[in-house]
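Everything numeric in this text was worked out from a predicted model, so none of it was measured. Order of the sequence lines fixes the chain letters, A, B, ..., with proteins taken first and strands second; residue numbering starts at 1 for each chain.
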2 protein chains.
Amino acid sequence: MANKISVLLVDDHAVVRAGYKTYLSLSERIGAVYEADRGETACQVYDKQTPDVVVMDLSMPGLGGLESVRRLLVRYPNCKILVFSIHNELVYVTRAIKAGAKGYITKNNEPDTLVTAVCTLAEGGTYIEPALAQQLAVNMAIGQDEAYKVKSLSPREFDIFCLLANGLSTRQAAEKLCLSYKTVCNHSTAIKEKLNVKTMSELTLLAGRQGIIKTGSELYEHS
Amino acid sequence: MANKISVLLVDDHAVVRAGYKTYLSLSERIGAVYEADRGETACQVYDKQTPDVVVMDLSMPGLGGLESVRRLLVRYPNCKILVFSIHNELVYVTRAIKAGAKGYITKNNEPDTLVTAVCTLAEGGTYIEPALAQQLAVNMAIGQDEAYKVKSLSPREFDIFCLLANGLSTRQAAEKLCLSYKTVCNHSTAIKEKLNVKTMSELTLLAGRQGIIKTGSELYEHS
DNA sequence: GAAACCATGGGAGCTTTTCCCGTTTTGCCG
DNA sequence: CGGCAAAACGGGAAAAGCTCCCATGGTTTC
């Protein structure tokens, strides 16, 4: 084992950072621990310190975790980012990986997992929480990914999906699109079928997770 | 200043507890720090250790934070509970105080605030995050916005509101609460009336803005 | 102890959704 | 070019869901 690993913690909560920092410092494999309170500052700190691993929370004001990951990678394509989130939904994992993160773990783990993951990334590996990786694999095979389901909507169905998810009634949507009420009803049924949801609330929630609701950025990236 | 303050940390994430524990221990005013991973265990630990202050996270599987607060207070009416949450939405503050918590702070604060709040509670005071107390006051005066409308829901209505907003059908909600389907229907109508929404999607969106949507799998977790 | 409020649900009637059907348009491909 | 599949559109009947009105019983509150 060569040098100690330097880490950059990105989280908007100072308390949380303080906690992790103290905890990480207990390991003798980990050296300096830097902090940043958001994506914007993370870039600056990274530039100055070039830490081995970045530990990034997903829910942050401003850029948000995912966008921060992307920006960091644009500037420093080799940087190793471990997403450390409370979310155990697959959407987040998928997005994080797609954004270029090298690892994803949730806060449900043993404290020790954080150290393990950090070390794995430092050595050039990837670390995705086993349970999530498992589910992802299954999901991929079955093709039950939400994003995939949304893509399976026909153009017109997608239009209607958006309107309904944003709170319009079937009638209002029909009016807005100059369609018969019945047509919208029928489309709506097809949409729910394709997205595999039963209630309008579920549909709205799914739309939120998929970023289809305008005001929804904080809705799903925040806590 | 007499003895050191003993604290019970309730949070389902072991990492998070580890962090806070380490941090709290740095203060010389704080002594023993106990841990519990959920409401159910919190009661047991409390019984054994009778800590001076309970620091409770709101988002937990099983009982959930609010219900845990209530149960603790039923058994130990004098116990001092500080809710320590990521949510800065007023709904949570109101609900927490109504449930009997003696303090409410968010994780957006300086780490030091946690210590301050714990000490205040230990001395028999209350500590509500100044910014939130501020907003609450204003809100009370104006009282015509969404948060206010949500507060106008009766306890039972609020329960049902949460379930419906999180995607359950009327029937599922009824089953979950051991109620007649009709009762839930009737409540649902009243809720929509009070919140001034027409569709379930609108209701879900409002819930989202008010921070009532569960982003985790807490929903399915207790049977 | 009356008034007020809440939780609970039944019944009738209305509205919405589903399911099944047909028509029309469009784009694609051998 | 003719055929064909997919999409968009909508009607009608039946099922499901919701609203409105009502009644009961419990708990506070004054």
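- In this structure, A:T189 does not reach the C:dC19 phosphate: none of its side-chain N or O atoms is under 4.0 Å from OP1 or OP2.
- Proximity of a side-chain donor or acceptor of A:E202 to a complementary backbone N or O of A:K198 within less than 3.5 Å is detected.
- Each end of the helix from C:dG1-D:dC30 to C:dG30-D:dC1 gets its own axis, taken as the rotation carrying the C1' atoms of four end pairs onto the next four within a five-pair window, and the two axes meet at 30° to the nearest 10 degrees.
- Closest of all the heavy-atom pairs between B:A165 and B:A207 is CB-CB, 3.6 Å.
- Between the side chains of B:S6 and B:Q49, not a single donor N or O lies within less than 3.5 Å of an accepting N or O.
- Straight-line distance from the CD atom of A:E193 to the P atom of C:dC19: 8 Å, rounded to whole Å.
- Applying the 4.0 Å criterion to OP1 and OP2 of D:dC9, one finds that A:T183 has every side-chain N and O outside that range.
- As a whole-Å value, the separation of B:N186 CG from D:dC22 P is 13 Å.
- Of all nucleotides listed (D:dC21, C:dA7, D:dA8), C:dA7 comes nearest to the side chain of B:E157.
- Atom-to-atom distance recorded for B:S201:OG and A:M200:CE is 5.5 Å, nearest 0.5 angstrom.
- Proximity note for A:C185 (side chain, C-beta onward) versus D:dC20, C:dT18, D:dA7: the nearest is C:dT18.
- In this structure, A:R171 reaches the C:dT16 phosphate: one of its side-chain N or O atoms is under 4.0 Å from OP1 or OP2.
- Side-chain contact, B:T204 with A:T204: no donor N or O sits under 3.5 Å from an acceptor N or O.
- With DNA chain D read from its 5' end, the first of the two nearest nucleotides for A:K194 and A:Y181 is the one closest to A:K194.
- Contact annotation for B:H187: base contact, defined as any heavy-atom pair under 4.0 Å involving a base atom.
- Rounded to whole Å, the distance from CD1 on B:I160 to P on D:dC18 is 13 Å.
- The side chain of B:T170 approaches D:dC18 more closely than any other nucleotide in the set D:dC18, D:dG11, D:dA8.
- B:K107 and B:Y20 share a side-chain donor-acceptor pair at under 3.5 Å.
- Per the geometry, CG belonging to B:L203 stands 12 Å off P belonging to D:dC18, to the nearest Å.
- One can place CZ of A:R156 at 14 Å from C1' of C:dT26, the figure rounded to the nearest angstrom.
- Atom CE in B:M200 sits about 18 Å away from atom P in C:dT15, given to the nearest Å.
- Computed from coordinates, the B:D159 CG to C:dT8 C1' distance equals 14 Å when rounded to whole Å.
- Residues B:E157 and B:K192 are not paired through a salt bridge, judged by the lack of any N-O separation under 4.0 Å between the basic side chain and the carboxylate.
- In this entry the distance linking NZ of B:K192 with C1' of D:dT19 reads 9 Å, nearest Å.
- Nearest nucleotide to the B:S180 side chain, out of C:dG10, D:dG11, D:dA16: C:dG10.
- A distance of 12.0 Å separates CE of A:M56 from OG of A:S85, quoted to the nearest 0.5 Å.
- Contact annotation: A:K182 does not reach the phosphate of C:dT16 (side-chain N/O to OP1 or OP2, under 4.0 Å).
- Contact annotation for B:K198: no contact, since no heavy-atom pair falls under 4.0 Å across all strands.
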